[in-house]
Each structure stands twice: as C-alpha cells, then as structure tokens.
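Okay, structure first, notes after.
No experiment lies behind these values; they were computed from the predicted model shown. Values below: every heavy atom of this structure, side chains too, minus hydrogens, waters and symmetry copies. Here is how names work: the chains are called A, B, and so on, in the same order as the sequence lines, proteins then strands, and each is numbered from 1.
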Amino acid sequence: MKPENVVLQPLDAVVVPEPDLMCIFGTGDLGRSLGLRLLQSGYRVVYGSRRPHSCGALPSGAQVMTHAAAARSASLIFICVHREHYEFLETLQSKLEGKVLVDLSNNLKKGLYPEANAAYLQRLVPQAAVVKGLNTLSAWALQNGLLAGKQVYLCGDDAGAKRVVAEMATKLGLTVLDKGSLSAARELEDFPLRLFPEWRLPLCVAVGLSAFFFFYLLIRDVIYAYVENDKETSYRIMVSLANKVFPIVSLVMLSLCYLPGAIAGFLQLYRGTKYSRFPNWLDRWMLCRKQMGLVALGFAFLHAIYTFVIPIRYAVRHKLISTVVDEMKNNKTTPFYFDNTEAWGTDSFYALGILGFFLYVLLALTSLPSVGGSLSWREFSFIQSKLGHLTLFICTAHGYIYGWNKFLRTSTYKWYTPPGYMLCLIMPSVALVLKLLLLLPCVDRTLTRIRQGWERSKPKDAIGVTNL
Amino acid sequence: MKPENVVLQPLDAVVVPEPDLMCIFGTGDLGRSLGLRLLQSGYRVVYGSRRPHSCGALPSGAQVMTHAAAARSASLIFICVHREHYEFLETLQSKLEGKVLVDLSNNLKKGLYPEANAAYLQRLVPQAAVVKGLNTLSAWALQNGLLAGKQVYLCGDDAGAKRVVAEMATKLGLTVLDKGSLSAARELEDFPLRLFPEWRLPLCVAVGLSAFFFFYLLIRDVIYAYVENDKETSYRIMVSLANKVFPIVSLVMLSLCYLPGAIAGFLQLYRGTKYSRFPNWLDRWMLCRKQMGLVALGFAFLHAIYTFVIPIRYAVRHKLISTVVDEMKNNKTTPFYFDNTEAWGTDSFYALGILGFFLYVLLALTSLPSVGGSLSWREFSFIQSKLGHLTLFICTAHGYIYGWNKFLRTSTYKWYTPPGYMLCLIMPSVALVLKLLLLLPCVDRTLTRIRQGWERSKPKDAIGVTNL
Amino acid sequence: MKPENVVLQPLDAVVVPEPDLMCIFGTGDLGRSLGLRLLQSGYRVVYGSRRPHSCGALPSGAQVMTHAAAARSASLIFICVHREHYEFLETLQSKLEGKVLVDLSNNLKKGLYPEANAAYLQRLVPQAAVVKGLNTLSAWALQNGLLAGKQVYLCGDDAGAKRVVAEMATKLGLTVLDKGSLSAARELEDFPLRLFPEWRLPLCVAVGLSAFFFFYLLIRDVIYAYVENDKETSYRIMVSLANKVFPIVSLVMLSLCYLPGAIAGFLQLYRGTKYSRFPNWLDRWMLCRKQMGLVALGFAFLHAIYTFVIPIRYAVRHKLISTVVDEMKNNKTTPFYFDNTEAWGTDSFYALGILGFFLYVLLALTSLPSVGGSLSWREFSFIQSKLGHLTLFICTAHGYIYGWNKFLRTSTYKWYTPPGYMLCLIMPSVALVLKLLLLLPCVDRTLTRIRQGWERSKPKDAIGVTNL
C-alpha cells in the first residue's frame, strides 16, 4: 500500500494556492472586525482608505492602500462606508468594473432614503455587481467569533456574484439565504431595524385587556366602596387591584393561544380540505401564539409574586390584628369554628394555581430556541398541544374554584356587574369546549384525515396524494 | 500587479455553471417548503406532480412537470409523498434508473409497517439509489430558515449517493451525520416519533417516590390523627401533605444524580482500570442524571411556591388567630417568651433552603444547551461536580435542621414509623459520605491516575499510554 | 432537454473517489469518539496503536495497525495521546515526514510545562507540519453529535496544513477560526482550562460589597441593639440581615452595569472623537457588564425569596402575636387606626420591587445566548439600554420609597451612621443623573454624531468618513 501524499506537496511550498484576497473599503469598527474575521478564516485582506498612512490600528496581516490600488488588487470588495459617503465610489468607476461589491451598510431609521443603499450603490457604479448582505452582522459578533451557525441574507441581480459571496460567507461559518434580486435590498436593510414586529399584536391585546379590566375593577372595587359605603380604599390600587387584573389578563391571553387552533380545526372541517388558505386575521393570530403565551406567562409571573407578598402588606396585617382584637372584644365565636370545606376549597385553589404556574413555566422553557430545537416533532407537539391544553384547563379550574361559592350570591354583583374573574372565565371555557368537541372520536378522525391531505370534494379515483 | 478577474467572467454571462437542478415529487407543505429553501440556497427546482396544472401555489422560480418529465430532468429527486402512495413510483422505474432518491417520509406511529419506508422504496425502484434522511426537518423550520447549525441524519447503501445528498444538505446550512447503510432507515424514521426516551426513567422514579411518600405521609399525618385523636384533617392533603412530599422527592432525586458517579468511582478503584465497561444498570442510570436533576428541580420549585403560600392559607390564618385568642382567654405566657434558639434554628432552616434552591436553579441554567455549550470543559465540570455536591450538601443540611430537635422525641415516631424527612435523608447522606471517601487524598490520587488511563494490572514496561 | 447524469456514474462504481483516509494515534475515549465522528462524516479511519490486537472495541469500519503502518497510510494524523507519551513519535520520524499532525491534547493544569504541547511535538518531529486545534471538543460531544455550529480554533505554522484541517473540520459541522502561527498553541491549550475569567471581577465586587455591607449592618442592627438596648438579636443575622445585604448589593451592582456606559459617553464628548481608546480600567469594566448584571439578578432573586418567607419566620409570627396580646392587655388603640398613607407607601414599595424584579428577569432572559442571538441589533439595544435603565430607575425608586419617611428621623442615624439603604442609593442615583444628562437633546445630538464617526478636531474638507 503506497502512502497518500496529499499534503507532502504543500510543504514544498509551491503547489498550495494562495488564499483569496478580499478588499475592504472603510476602516471603521465594522471594517476592522470583518477584516480580522476574514484573516482568521484564511483569507488575505487589503484595506482601501482615503488616508492609507493614518487610519489607526488595523488587524495584523492586513495591507492598506488607496481605494484605487486596493480595488485593483481584489475582485471582491466589501463596502463598509456610510451611505452618505458613497459618492467617492463614482470616481473609481473604471477600477470597479466587473468587481463584486458587497454592501453591508445599514441606516439609522426606516425610510430615510427613497432608494435602498444597495440600489443607490448599483446606480453609482453600474459596471460592478452589487450584492446586498451580511448587514445583520455586528462588529461585536465578528470580533468575538459569534458567527457559527448564524443565518445571513443575500440579494443581488448577478447570480455569479451572489455565489462568490455565499461561498465566502459559508467559509466564515454562516448559513446563507438568498433573498432574490437587488429589489429585496430594502427588506434586508430593514432587518436590523426591526423592533419586535411579532410582539406588537400580543402586547396591544395585553395592554387593551389590562386597561379594560383595571378600570372595570376600579369601578367595582374602589369607587363602589367609596360611593356606597363611603370607604376610602384607594390604597388597594397598587397591589390588590393589580393582583386581580394580572391573573385575568393572563388567563384570557392563554386562552387566546389555543382558541385559533380550535377555530382553524373547525374551518378545515367545514371546508373539508386543508389546502385553502385561512383568512388573514386567523393567519396573523396563529403566527403570534407563542408571543401571546409568553406575555400570558409574564402576567402569571407577576400574579404569583403579588400573591406571595400579600401577607407582609400593611393592610393585610392590620386587618388580621383588627379581626383578632375585634373578636376578643365582642367575644364572637364564629372564626373559632374551623370550616373544613373552606379549608379544602382554598387549599385546592392554591394547589391548582401553583400547578398551573408550574406547567406555564414548563411551556415557556420549551419555547426557548435552544430547548425547542432539541425536541423531536412529536415531543414538541405533545408539549405545545397536550400540555398546553392541560395548563389552560388547570388555570381555568383555578378561576372557577375562586368563585365556587360566590356565583349565586347577590352581593357578588355590585351595581349589577359581574366580577372580573367571571368575565375572564368566558374565553377559556369557550376554548376548552371547542377543543373538547374536536377531540370527539368522529370529529377527530375526519380532522386527522384532512390534515393528512384528504379532501372531501376530491374524486375518489385520483391516484396518490402527494402531500408531506 | 494585475487585478484578479475571478468575477469578470460571470458578468459576461457564460462561464458561471448553471446551478444544480433538484427535483421534488409532491407539492404538499413539506415539498413546497423544501423547494423554497433549495431556491434560496441557489438551486433550481422542478416539481413532479400528478396534476402539473392544478397543484396550487408553488414557490416562485420553480417549474412543475409530470412526474416522468421531472424525473428525467434531474439526478436527485426528493420524495415528499406519503408512503401509502409510493406505488406510482414503480411505474416510473425506467425514468428513475441511476437517480438518487431522497426519502423524507415519516410515519404517524412506530411499527405501522413491517419494513422501513426507505427500504420499501428501494424495493420498488431497485435501480435507483435510495438515501433516507432529512426527515427530522419540519416544513415550518424549512420555511422560516431555522436550519442553521441543525444536525440531520442520512443513511443509504450507495456511498456516492450519500455524498451528493450530504453536499446539498451542507449547502443548506445543515450538519450531516452518516448513520450507515439503509438498514438504519427504521431508526431514522423513528427519530421524529421519539417521546422523551431519556426522561422516562427519571419520571418513573419520581412518580414511584411521590406515590410511596404520599401514602406513607397520608397514613402518618391524616389517618393517624383521625384514628388516634379523632381529628378530621383531610384538608391537609392539598397543601401540607404535598409540601412534604415534594421536598422529599426532590432531595432523593438530587442524591440519585450524584450517587452513580460515586458508585462508578468505587467500581473503577476496585477494578483498577477505567477500560472495563460499567454494568448496564449503572450506564443507564448515569445517562439520565441530567434529567434526574431537572425533575428534582421541578419538585424543588413546587416546594418553594407551596412554602410561599403557607401564610395566606385559611388553616394557617385560623390557627394563628386561635392561638392568640386562646392565649388571651387562658392568660398563658409561654409564647411571649422569645426562644432565641428556635429563632436561630428556623431562620437557618429557611436560609439553607433558599440557598439550596438558588444553587439548584444555577445548576439547571447551565444545563440549558445554549448556556452549557458556551462553557469550557473545566467550567462545566466545576459546576456539575463541585457546585452540584455543594447543592446536595446544603439541601441535606436543610433537611437535618428541619428535624434537629425532633430526632429524639418519641412523639415523632407515630405508630413506630419514622417521619418522611428522616427517610429521605438516608440517600443524600450515603451519597455525600461516599463522595467524601473518594475525596480522601490517597483515594483521590489513585482514582485520578486510573481516570488518566493508568491500569493496576498492566506491566510497568509498556510504552506510551494512548488514551486522551 | 437531456437529463443531467451527475449521479449515474457513481452507480457504475468506479468514478466516485475513495473518501479520504484519516489516521488516529491513540485508542482512548477521545480517539474512539473522533474516529466514530469521522466515519459518520464519510471518512475512512485507521488507528495507530502499540498493541493493534488488544486495544478494545473501536468504532466499526475502522482499521487498526501499528503506529508505523498507520502513519504510512494516511497524510493527516490526529495525535490523541497524552503529552507525557509523545517520545515514541520521535522514533517514527521518517514515517511522519511531510504529514500533517493534529495535536488535540490538553493538560490538567495551566503552566505544567514550559512549552506548549504542540510546540514540543513540532520539536520532536520537525519534518511534519503540526497543527494545534480541535482540543476544545470533548469525547462526549463527539460521540453524541453535538458539534453542529460549534466554533473551534486552529493554529500552526504551515498554511497548507491548516487549510487541510480546516476543510476536515468544516465537514464535521464545525466552524474554524485560525489563530495564527504555532506560537498561539499555548493560548489554545489554555481554553479548556479557563474557569470563568470574565466572571472574576463581578464576583470579586459582589463579595467585597457583601462583606462590607454585612459588617456595616451587623454593627448598626445587632451590635448596636446589644450595646445600647442590651437586646440579644443575633438571630437576625440569618434572614433579616441577609435580606438587607442582598438588595443593597444587587442595586449597587445593577448601577455598576450602567455607570461605565455613561462615563464612556462623557469621555467621548470630552475627547470629541470615538477613535481614541478608553483607559484600560474602563475597557475591562465595560466588558463584564453582562456578568455584573447577572450577579445583580442573582442577589435580587435571593432578596425576593427571602422576602417571601418573612411571614412564616418564627420571629415575625412571635412579634405579630405579641403585638396583638400587648394591644389587648394595655387596651391601646393606635394600630386600629388605619393609616392610608402607610398603606399606599408600603404597597407602592412592594409594587415597584415586583416590577423591578420582573424587568430584571426579562433582561436576564435576553442575555441567554439563544435568545439574544435571535434579536435584531435594534431590539438588543432597546432591551439592554432602554429597558435596562428603566429597571435601574424602578429599583432605585423602590429603594427611595423604602426610606421615604425615615430620611429626616434622627433615630435612623444610629451611632451617626446612615442606614445601608441610603448608602446603596448613591451609586444608582449618580448613574441615573449621568444618563439623564446624556439624554439632554444638545448633548445627545453631539454624542450621536461622534458615535457615527464625526470628529471634532477633523478638518471639515476631508472626504468620506469611512466608519461603519
């Protein structure tokens, strides 16, 4: 067996091809970090600068030249310059002919310019192939080698140029997603400016519900007491009232996570196919279920902590002491009687609340990217569907037990309004009933078939359903 | 210096090779998402469909043809069709000769068919090279570009075909793991159907322990009180009893995390080598230590919350009020005496519990994939071993202090049974003592040498131990 | 259209090139796991062993030979042997000529040897090209396929050899970072031995602050009571005192997260440029802000739990009962008067604390690698800057409200010392005031321009600022 000498030649120092040379225009933070990263991935780097002799510390191993000289030496040029200074590139026209220009620029705000930066660059230097991309990388991430497994986007009109950039990005440990022609540049430039777009709807719902229930309970609890009994209980706003609003909003939002799934199921049953699109509002609703659930958990978390501090509140201690003293003075005997049902009721109430919160936290943990990513499809659906509905059920039961002996009392309906916890039980109950209907064997069977691609209206003789 | 013109030619539009063409059979969710992803990674895509003219919206840029035409045009074909409809492929035999077929199918349940889907496919089309793989990817992940850094599995009998698929998967940002010949297809098809296999043992242990201690404490606390003192205390089941069971199970399970490590150490010491395999039960035990610990944390979390709600429970408030009223009526003076030792004892008890819980949470955080992955080997072992044993020690101390003045009281041993917290202290104490023995300098030195590859029975003159 | 037959040939079994052959010296845990992983990635593997016929179970598909024979057959050799046994490689000199040797070894401690392992290896076998790297991978990770997206480091003097290793590593799913010449080997060998280097400063600060405030409060609370009032209150150490120290340290450390940013802003304003380096102490401070914040959260977490257990403490219950009994006996009426301001004050105090803790947790969640990595640049800066300062503001307000009616009372200043919470409010107040100054429109405008690259001293006519 003859040894393979693949690497013998490199040592003779001739055959190994020179690593590719990359050019970077701009010696700012991003330019430097990018250069460092390119050098670490085995490229050679040359900087183009207005003042090649006074541009500060660059990564060791990189050369610095004038823009023109640097442009001439490499075929791929990273433009790490603010858009406002692109004009100087027009003067380099002849040197940039046939080069690939990678536009990494971002803007400070959306809609600052009528044209995407990359489109503007292409217009300035029409003979070059402009590729927009990598602009979601920060100087910080580049410098600290936090690229492994990150996804970046590219777009450009020249397929060959895109492929050259994609290869380079892959070597840096990035995963590339081609977003099409240069007209997508605007979209790419907006990526780093996104501000929680998918959280907007859930947060709006949360704020709306909170405001509604806050004022509703303010009227019932504080204003009612003031008007009818002439009692000043405004101090209740900070903790008591908040601790009523939080669980209510949390429960309603949790039910909003599971309601659209049930609605979608009924819609598919009604239509007899899974191939027609859902109405837009339902689509949008379903896409923000995860965020809905996390906001709901936030409120549940606040509810839990508010509950834990109850016994150390001044008002609660005061009431406790007053009760005892009152007791003694009037020699009443009522509280001495230990009500076993009451003990069972309140303890069950707390136990259900704790269990519900525990499951809530479990659900949230699996929505962490790194945890959810390690689950199999069946595990994920088990947690999100089975465990999720169980959580909803337990939290709803927690609500029902809270009011178990108050539903039929007239004093509950101050000014003829139902208390908050009754209102908040409507949505979860509906969601649970709908889910229960979908779980009926006959309904479930049809729905499963529909979700596997069966269509009610389709002729029976069609061969091979091809959906997977 | 002449400029390198690597990219000049692409602009002349001839030299750039056409990107590879991929064929997808099936226009369901998975087929569409896969096609989109392939297009985004720079491939051309052609769909094969029964009804090329009525198969709904496909990703823009993809072509649709009949199965036969599509198969002819490409060399790699993704089969995104349910197994039940594979028969039609038999009729395409001639067109599929020499093609690579990637089987992405999954089943709804384990063991539905005697044969793996991919093996069935290979039997139907023997002249094609079937590769099973990528079946752990969901349409959702493909569509949303969540592939970066994900691991996928391949298997197949043709090495060349596997290499072609692996290259394609790498370009999509996936990491490929070759699982060998097509006989592994069954295993791959079971991956998406796993349901927490590594959690099964810890959960069984947890349920078993919970049930045992629940009934044990039910007898001691509730039934004993009913039989001996004729007191109805069944309300204690919901919170008091649960809050005794949870910490007990938590502590026992935490000790079960650290016991196997100690046992393994003694086994290695006894055998004088690290190269003989551990018995199966020990291996299995050691592999689920992480899950054991997380279940233990779950119980500790419940214990913590149950403890926080104690003061707002009806029974507790009632008892407090009764005590005071009783006090006043009978003019007793005992409680007015402030017992400093008691104050120290209970406060230490709480402080240790809180500290233990804090360390518990810290341990759990480092077991998050994204956090644990960023730790160095030494950091990880520091946390899991040093911090872990410290947690076990503090939690055990928390248990000992709970019973510090009750061990010698006869009233503790109702019906001659020891209380639950005594039982639960056995395991952690054993684990700690074993660990302590292993830390004795002479024992530790020998064990370290063994773990570095030294063997007691080996002749001294052997050159070079080669373990790393 | 003619079908492309790219894969037709492989099936004819001749054209597919044999996969590369890799050689591994050493059959320990790491050697075996590495071999398994290489086989799974499509390589062939041959082991070199002293005793080829008795070296235990190796991954199926791998061959075993003597060191010499194995070395001859492959061009890339992984050295999975302890440094202590490297000498035997000297005897293989001739067989290793021109080979690439990958040194994966690690040491048990820093500074065990005067020379890096890889440098020593290169000295032993000068004709081979030694590449240091992959030594951060554990046998565990290799065996369980946890490599996807991981970053590894390489260094070596031969660029060609490094490229060969980098290609192999990329095929394994790793991202490679070239750290330069072999002189960096020492640094690479120290990576697995790091023990939370970036946590050291924050932990030192935390321990220092805790110790200082503990003794300060011990004197004010326990010793003062003993000396002046002759009351034994040492039991307060375990919970009361700790629960004063924790929030104080937490708040100070939180302010230490935001102070350096403000200082840096003023420094940039003063210098009129962002291009001069910060002093070293500021640099170091800024680099550990994340860790500072997480330590602060740890203390806040402890503070929260300590607060929740307050009402179940013996001392607190005792005091409550004493108060009532005292009340009754002396027939005082003070506590019966419900102080509305007091109720508002304490409830606001609790509400702010809870809200602050909630925001704290939110901040910490976004610092999880997998969560933070999915945020856009704007989202990240929104959370860390806006939400962070809001948290600091709320927590500081929590502190101010605690002492709202005690600032002007003489009894507050025992032995002429201010209470702990006053001391701890200084730092956060300073940080907030500085931040507020930086937010003044005129200051903010200048600072934004500086951070975009504008320099006060620069001539106006310079073309094109190139920073991005």
How far does [atom1] of [X] sit from [atom2] of [Y], to the nearest 0.5 angstrom?
X       : Y       : atom1 : atom2 : result
I354(B) : F301(C) : CD1   : CZ    : 9.5 Å
Q40(C)  : Q151(B) : CD    : CD    : 8.0 Å
I312(C) : F349(B) : CD1   : CZ    : 8.0 Å
S41(C)  : D178(B) : OG    : CG    : 8.0 Å

Working for side-chain contact (heavy atoms from CB on, under 4.5 Å), residues V176(B) and K171(C): CA-CA 8 Å; V176(B) 177; K171(C) 239 184 129 176; over 6 Å; no
Under a 4.5 Å heavy-atom cut-off, does chain C meet the side chain of [X], its backbone, both or neither?
X       : result
A351(B) : both
V309(B) : neither
I305(B) : neither
L375(B) : side chain
L174(B) : neither
K150(B) : backbone
T346(B) : side chain

Chain B contacts, top residue of L195(C), T233(C), L34(C), T170(C) (heavy-atom pairs, under 4.5 Å):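 Heavy-atom pair counts peak at L195(C).
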Do you know which of E84(C), R317(C), R37(C) has the most heavy-atom pairs with chain B at a distance under 4.5 angstrom?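 It is R37(C).
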Short side-chain to backbone donor-acceptor contact, S376(B) and R194(C), under 3.5 Å: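 Flag set: sc S376(B) to bb R194(C) pair under 3.5 Å.
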Tell me whether E379(B) contacts the main-chain N or O of F196(C) through its side chain, where contact means a donor paired with an acceptor under 3.5 Å.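 Judged by distance alone, yes, a pair lies under 3.5 Å.
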Is there a side-chain contact (heavy atoms from CB on, under 4.5 Å) between N340(B) and S234(C)? Walk through the geometry before answering. CA-CA 8 Å; N340(B) 217 36; S234(C) 67; 4.0 Å; yes
Check against side-chain contact (heavy atoms from CB on, under 4.5 Å), L368(C) and V371(B): CA-CA 7 Å; L368(C) 281 176; V371(B) 176; 3.5 Å; yes
For the interface with chain C, which of F358(B), W377(B), F357(B), F380(B) has the highest count of heavy-atom pairs at distances below 4.5 Å?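 Sorted descending by pairs with chain C, the first entry is F358(B).
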Top residue by heavy-atom pair count (under 4.5 Å) with chain C, among L154(B), T175(B), I310(B)?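 Heavy-atom pairs under 4.5 Å are most numerous for T175(B).
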Would you find more than 12 non-hydrogen atoms of other residues, nucleotides or ligands less than 6.0 Å from K110(C) atom NZ?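 Result for NZ/K110(C): enclosed.
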Pairing residues for R445(B) by the salt bridge (Lys or Arg N to Asp or Glu O under 4.0 Å) criterion, not counting sequence neighbours: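 Salt bridge (Lys or Arg N to Asp or Glu O under 4.0 Å) check on R445(B) returns nothing, list empty.
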Residues two or more places apart in sequence or in another chain: which of them pass salt bridge (Lys or Arg N to Asp or Glu O under 4.0 Å) with R313(C)?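 R313(C) satisfies salt bridge (Lys or Arg N to Asp or Glu O under 4.0 Å) with D347(B) only.
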Side chain, backbone, both or neither: which part of A242(C) has an atom under 4.5 Å from a heavy atom of chain B?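 For A242(C), neither part sits under 4.5 Å from chain B.
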Which bit of S370(C) is near chain B, if near means a heavy-atom gap under 4.5 Å: side chain, backbone, both or neither?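 Both parts, backbone and side chain.
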Using ring centroids (six-membered ring only for Trp), state whether Y314(C) and F338(B) fall under 6.0 Å.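 For F338(B) and Y314(C), the ring centres are under 6.0 Å apart.
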Using a 4.5 Å cut-off on heavy atoms from C-beta on, say whether the side chain of R378(B) contacts that of L108(C).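 L108(C) does not reach R378(B) side chain to side chain.
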